[in-house]
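Residue numbers run from 1 in the order of the sequence given.
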Amino acid sequence: LLSTEAKRSRSTVRHPKEAAAEETSQSVFAVFLREAGVTLKQGGASNEIAVDQVVFQKRIQQQLQKSPRYPGVIQEFIAGLETHMEDPERFRNCLLPCVPHLSDGDAYLPQILNMLFSLTQTLVINTLLEKLPEFMLDGIPRIIINQLKWLDRIVDSKELAAKLMELVSVAPVDVQRDIITSLPEILEDSQHNDVAGELNSLLQENTQLTVPILDALSSLSLSASLLTEVRGAVMSTLAAVKLEDLPVMVKFIFHSVSASDAYEVRSRKLELEQCVLPPVLQASQSRMKSKGAAVSASTPAPCSSQDSVALVLDAIKSAVRFQKTISEAWLKAIESVDEVIDLLVLFILHSTNANQSRRGAERVLKLKVRTGLIQEALLQKTFRDYSQVGQSVMRGYFSSILALAQCLLRSPDPCVVPFGGHMYRHSFTVFDSYCQQEVVGSLVTHVCSGVGGEVDMALELLCGLVTEKPSEMAVYAVFVKGILDYMDNLTPQQIRRLFHLLSRLAFGRQQQGSHIQDDMHIVIRKQLSSTVPKYKRIGIIGAVMVIGSMGTESLPSETFRQVTGLLELVKSSSESSPEAAALYYDELANLILSSTLDPPVQEQIAQSVLSDFQNDFVVDVGPEITGSLPFPARVMYNLEEDESQACIAINLLPLLKADKRVSALCLSPFFRLLRLCEEKQHQGDLEEIDGLLGCPLILTDMDVVEKIESLSKTEREFLCSLLFHAINWFREVINAFCKQTEIEMKIKVLTRLQNITYLHTLLEKALAATPGFVPPIANFDGESVEGVSLSTIAPVNKAKKGRKRKAPGKNSSESISQLEEVTEADETQQDQPEKEKEKDVRQGVSLGSYRQFFRELDVEVLSVLQCGLLSRTLLDSELQTKEREEVVLGPAELVFLLEDMLRKLEFSLTAGPAKRAPSDKSVGFSHLQQRSSKDIASCCVQLLPALCSHLENSHNYFQTLLSENNGVVDGPATDAQEHQLMSSVYQLLLQVLNASFSWSGFRQPAQRSLLKKALGVLAGRLKEGGAELTQEHSFEYLLNLRSTMPNLSTALCLSQLLCTNVETFNKHFIVYMSSVFLFHVVFVFFPSLCSVYLEHVDDVLKAVEEIAEEGISELLKVSKDESSASWPTLSRQTVLVFYKVMMAELEKAVRKIPAGKINDSSESEKLLTWNLAVRDFHILVNLVKVFDSRPVLNVCLKYGRLFLESFLKLGMPLLDFSFKRHKEDVQSLLKTCQLSTRQLHYMCGHSKIHQDTSLTNHVPALKKSLELFVYRVKAMLLLNNCQEAFWMGNLKNRNLQGEEILSQRSQGSEDDDDDEEEEEEEQEEHSLPQEQLEDEDDITDDSE
């Protein structure tokens, strides 16, 4: 074949290639290959091999070595190879596998060049690489690179690397990519750093090669410094790369980061948000917009952008999932920034299976939401942008989004709950139907959980979704309808929302929810027909909500008939029960207040209500009232100028008769319904019914209250019911007319307030004489009267005996009910005649326990606080001035309004959503629950000027008393009743301000402006001005009140108000005030005041030592009834309070000491702090030798363990590193600590001997801490090569005085295990006296 080819070449014109072919056929290369078993073919035919590869390589090697021209023959062989490869076809054949000469050849078909590499590798490689530029565009370079990848070894790796990098500089982009990606498989490890440096330079020059270079760098073994340099270069080019290259870059950055650089990389990596992702989104959106112009060209582009974003997030997910340092660094970095990418990473962290990442993501999200760094706007931006890029980006993390939303919604922190709601809302809006179904199902689960705040927020979200997305929500109406099976766990307000939600779904404009209409009607009719009051209430509430949904627009005749029919059904179903009828009136009134009904429906309701009210409750005033009545009837409380003008009256007394068709229970609810109907029809004008404000009531002569002891039980109960109904009527009247602006109307409203406060005094006396009386219900959406506990309705003089009280201002709902008790307790410091006078002034019971039996006052009633002095001129028959009437808001009325305001604030602002008071505590707040906390806070800010005016009046009142009584606020000439009322007003005003400023919503950024406005009001009372007002002025305004505190309880309220604003106000003033107040007499609120002082003092350790050493020492030197001279409040009766507060604050203070670290610059300062803390602890523990009562021992055991745990966790690491430099200080500290731990051990033995379970419960945990302390000291000595200074023995059981327990001497060997190895000392005998222990100089560490 070869000779034939040669002849053909000679018979033609001898072109260069033909000459080369002839030469090749006769070359050493061709001869040697033929003799070794390989036949070279021409044209497109593959070369043939007749022997095994190993045999071929061996023959070639032998031929070369046996040649007489060796080693020169090698050059001839290579020259022949070069000549042979000049023809592209032959070159390609050499790179392709050979075919076997026989059909049964080897399955593996080697290439010629691959077989030659093992013989003359360097020469063959050089030949190939020199020929490679000639064949750049026909695929040969890739084949050559693949040949190099399969080499067993590289002879000259450095030269090969240099040649490959030279090729990269001149090759086309495709060949460059092939060469770069093959480098890790070709080169040896020794060349990796050199090649990486060149690739790094190339990366900065040519961004087209970003992906192959990063792929290669990821597979190279690089030094740490070079890797950091490369990573920095990659991060610096983030903004300039192509979109499709971004995922590779992110992956490289995270996979190449070390634990020490993780946080720095993440911090700099934040540029990913500003520099890269927005262009991704913009490019994707612009391409989508241009899709209409060039469909075929632009269709793949959005997919590419979407894929890039998804791949970036996948790279981040892979990094945080498999590299713990990355997840920890990202969590740490997220705490200080707030970007979209960080919110996405939180979702990614939560989606990993690691529990630590899940908990970390939940913790960081809650923290950033609580501090306002992540707000709803950022969440909205995340959902909006990434849903436009492609739902797959966010959709892949839906399960984590849902889980985080559930976690936030169940949180007890009210600041984070709304953000969970936003996550639910955006998830429903953005995702597909499957996700929408999951969102609705999760919200339904929240509702069925029965947890108050969780249920409220879930129902609010469902209502919001129905409003925003009615057609989408209608599809899931069946899911929401399932909540009807769990209504037993819902409060009335929640049931209202549920039926409002369902009725909107069933009877709204969208027809998809119409399939549950029949189910709704069935449920409502079933509940209305029930004889169980609870279910009848549910039926009434549901029916009214359905009426509201059906009758809110222009109704066709058929719908109008259905609405009126349902109204008649509810009315007829509730007629049999006065409670049900009253609830129906209240619910209908709420509907009219909150909805806009169809005018015909509204008019029909109003006409019916007006006629029924006139017929049932209003009578003409005649000469006398006949009938069999328990008490003589009398027309009372007429406010008309001329009593002869009073032609109508409220027929209250006759209504209370049992045989009457209409119940007096319905009077107040019916009037509320009438008033709201009139307001709706006449745009707030109540002229048609304003006569009811001043019209009298048919009651009886109230002098009968003074003779109540002579009445029968039935008559007394009847009188109490009459008073309750009269008060509730006046409360509803005030609700109705409090917003009227006419002076005459305002005067009548104030007069009605005075009527209420007077009737309160009568009712207290009547209730005191009628034990066990259950008042008539006034709030009908709660449990019936049978659920009322009579134990709460008891006279104060019995209930307060031996009873501990909570301090007001602690956000307790009991603070108001104890107001009278507080002032009475404070008056015990007065002389005995004054006490008798006080008893005469305030007899009866506290009405705080009866709050649920009074009608709820609307928030608008609080506007009465803004009323100043009101006056009007009364004219005679000749229109001449008869007299001038002046009415002012008195102290009793102020107390009444402020008590109600404080209750409202405590319910609406202080209690968080997840900790909202249970249903029995929420009775009487039905109207308040329909308003948001923000509305209530805004109302408080509007009322602040009026509150400040009353506060200043109270301050001036007591300032006058002080000046008149030579600095005594309660001198002998003081009117006890007036003094008590003004003290209550003063205290309530401070509590109201404290409750207002305690609102957690003020910590949210959105409400900062409202807080600033509130503080501005306080500052403006002190200094008039605009921009010059500062927060210090508001503090100074409150501080000026400190000189007129009438009692310690009011002083405590002022201190707590300042503590509430401690971040705003000056802490030193709070310390000063509380320390001054501590020098006054002992009061029931003393523990709280003591805590205030120690919490805000500059140096807690110094203050504790001062009280424990100086105060206790002085106390021990005086008689039992006397107190310390330096601390007048420190007596033997209050020593327990001081002891508990000091131990608690000491333990809290040491927990704030930072843990010790190596080379800590503040090491000496920390060691000194721990020495002071251990000294204080030693002093307090040794006090049990003097005050050995069980409560003191209990406190010592509890806080002793907590102190030891803090010392082990924070103090011992400091001793580890400071032992060599501060040996004497450490030795002294441990010696003092040993004395304390020994005493704790004795206390454990004391509790076991006395078998006191309240003490022994603390022993196991305390003994564990004592044992840990021993071994921790041993570890510290071992770390500092002082283990020979440590030995451990068994400590004998002793009593509190240190005396050995004799009964256990004979059993010492058996009790070793019980005693535990808890004492490490440097002395010969444990039984040495205490003085001897303290004189031992060689004690290096001590333990218990």
Side-chain angles (χ1 to χ4, degrees), residues 347 350-351 376 379-380 382-384 387 391 394-411 416-491 493-520 523 542 545-546 549 913-914:
F347 297 154
H350 193 275
S351 66
E376 196 267 339
L379 182 69
Q380 182 179 0
T382 306
F383 273 91
R384 182 186 65 243
S387 63
Q391 288 192 2
M394 293 289 288
R395 176 65 174 79
Y397 306 105
F398 170 72
S399 58
S400 293
I401 295 172
L402 192 66
L404 286 170
Q406 291 173 347
C407 177
L408 293 180
L409 209 67
R410 290 172 178 151
S411 172
V416 304
V417 173
F419 192 83
H422 296 319
M423 294 178 69
Y424 272 122
R425 182 166 53 83
H426 288 300
S427 298
F428 186 89
T429 305
V430 170
F431 294 137
D432 53 26
S433 58
Y434 169 78
C435 298
Q436 290 178 341
Q437 178 176 318
E438 291 296 313
V439 168
V440 174
S442 181
L443 291 175
V444 170
T445 303
H446 284 301
V447 175
C448 298
S449 67
V451 180
E454 194 177 332
V455 176
D456 290 337
M457 180 56 68
L459 285 173
E460 182 179 343
L461 286 171
L462 287 172
C463 292
L465 291 177
V466 169
T467 303
E468 298 173 8
K469 303 286 183 180
S471 58
E472 289 88 343
M473 278 297 296
V475 180
Y476 310 107
V478 175
F479 293 94
V480 182
K481 184 175 68 69
I483 305 176
L484 293 173
D485 297 332
Y486 296 88
M487 286 191 295
D488 288 348
N489 299 327
L490 303 182
T491 64
Q493 178 62 19
Q494 293 165 353
I495 292 174
R496 287 190 193 96
R497 283 195 172 184
L498 173 61
F499 276 106
H500 172 72
L501 166 66
L502 289 171
S503 59
R504 287 284 300 274
L505 286 174
F507 302 99
R509 297 179 181 179
Q510 304 297 328
Q511 296 300 316
Q512 291 93 329
S514 59
H515 56 280
I516 65 169
Q517 288 183 2
D518 292 341
D519 294 335
M520 291 285 294
V523 169
M545 289 294 103
V546 169
S549 297

Approximate separation, where rounding is to 0.5 Å, of Phe383 CZ and His426 NE2: 7.0 Å
Geometric class of the Phe419/His422 ring pair [parallel <30°, tilted 30-60°, perpendicular >60°]: perpendicular
Residues which pass side chain to side chain donor-acceptor pair (under 3.5 Å) with Glu472, listed by chain and number, not counting sequence neighbours: none
Closest non-hydrogen atom pair, Met423 against Ile401: CE-O, 3.5 Å
Shortest non-hydrogen contact from Met520 toward Ser503: CE-N, 4.0 Å
Side-chain donor-acceptor pairs under 3.5 Å in residues 442-453, sequence neighbours left out?
from	atom 1	to	atom 2	distance (Å)
Ser442	OG	Gln406	NE2	2.9
Ser442	OG	Tyr424	OH	2.6
Thr445	OG1	Gly441	O	2.9
His446	ND1	Glu454	OE2	2.6
His446	NE2	Tyr424	OH	2.8
Ser449	OG	His446	O	2.6
Ser449	OG	Val451	N	3.4

Student check: side-chain heavy atoms of Asn489 and Val455 closer than 4.5 Å: no
Close side-chain approach of Phe428 and Met473, heavy atoms under 4.5 Å: yes
All side-chain contact (heavy atoms from CB on, under 4.5 Å) counterparts of Cys435, not counting sequence neighbours: Arg395, Phe398, Phe431, Asp432
Derivation of the side chain to side chain contact (heavy atoms under 4.5 Å, CB included) call for Leu498 and Leu484: CA-CA 8 Å; Leu498 173 61; Leu484 293 173; 4.2 Å; yes
Which residues share a side chain to side chain donor-acceptor pair (under 3.5 Å) with Arg496, sequence neighbours left out: Gln493, Glu587, Asp781
All pairs passing salt bridge (Lys or Arg N to Asp or Glu O under 4.0 Å) where residues 440-453 contributes a residue, at least two apart: none
By salt bridge (Lys or Arg N to Asp or Glu O under 4.0 Å) - contacts of Glu376 (at least two apart): Arg425
Side chain Arg497, main chain Cys463, donor-acceptor under 3.5 Å: no
Atom of Ser427, atom of Val439 and distance for their closest heavy-atom approach: CB-CG2, 4.0 Å
Straight-line distance of Leu490 CG to Phe499 CZ, nearest 0.5 Å: 9.5 Å
Non-hydrogen atoms of Ala506 and Ile516 that approach each other most closely: CB-CG1, 3.6 Å
From Leu505 atom CG to Gln517 atom CD, the distance as rounded to the nearest 0.5 Å: 11.0 Å
Contact check, side chains of Arg504 and Pro470, non-hydrogen atoms, under 4.5 Å: no
